[in-house]
Amino acid sequence: ILDLVFEAVPADFAAIMLLGENQEPELKAGRDRLGRPAEQRISRAIVRKVIEGRVAVMAGDAFEDVGLRQQPGLAGEPIRRVICAPLWVSTRQGEPVRVLGVLYASARIDRVPFRGADLEVLTLLANTAAAKIETAWLLEAGTEQRRLQEDLRVAAEIQASLLPQTPAHVP
């Protein structure tokens, strides 16, 4: 998915974050355009806005747009453009969509600016990624269920083998 992001949009950094058990986004994959794991600041405020609002976001200055630029630790941080889209799946008709995480991309301010079309492409990639992630989780759950059923079958056979095969003959 990250390779597709770099092919489709002018990003320097891309990441996939998934919601953990505590419903906090956790970085699962992130790297720069050259494939190196990149230590990038990810705007948690933008990620939270995307998750809670279930909307894609494009920010010209990721820190200024969410009011973080004035924080001392971010004052010298390079200005970064950000596009971020939710990874969401709809389970059944009428049920609300479930957000799995986000697909995040950023670029330095001196690079080609993101356009609305880039945000649309990232959203499409996020939808594809969400479907693939959900499918993988369902396959994993199915495999686990089959393993548990097999374990139960073996346990039943062991229990049955402990029982006498014929009724006890009592005079």
Cluster check L124, L87: I/L/V/M/F/W/Y, side chain < 4.5 angstrom: no
Minimum heavy-atom distance [X]-[Y], with the two atoms named:
X: L125; Y: I1; answer: O-CD1, 4.4 Å
X: L2; Y: A15; answer: CD2-N, 3.8 Å
X: P10; Y: P113; answer: CG-O, 4.4 Å
X: W88; Y: N127; answer: NE1-OD1, 3.5 Å
X: R33; Y: F6; answer: NH1-O, 2.9 Å
X: Q23; Y: R48; answer: O-NH2, 3.6 Å

Candidate list I42, I51, L18, V50, test side chain to side chain contact (heavy atoms under 4.5 Å, CB included), partner P25, passing option: I51
Quick one: [atom1] on [X] to [atom2] on [Y], what's the gap to the nearest 0.5 Å?
X: E26; Y: E21; atom1: CD; atom2: CD; result: 8.5 Å
X: I133; Y: L100; atom1: CD1; atom2: CG; result: 6.0 Å
X: K28; Y: L19; atom1: NZ; atom2: CG; result: 10.0 Å

For [X] and [Y], indicate whether the former's side chain and the latter's backbone hold a donor-acceptor pair under 3.5 Å.
X: Y104; Y: S43; answer: yes
X: R54; Y: P86; answer: no
X: D118; Y: V9; answer: no

I'd like to know if R147 pairs up with E150 as an ion pair, taking the criterion as any Lys NZ or Arg NE/NH1/NH2 lying under 4.0 Å from an Asp or Glu carboxylate oxygen. no
Please examine the side chains of R44 and M17, heavy atoms only from C-beta on, and report whether any two atoms are closer than 4.5 Å. yes
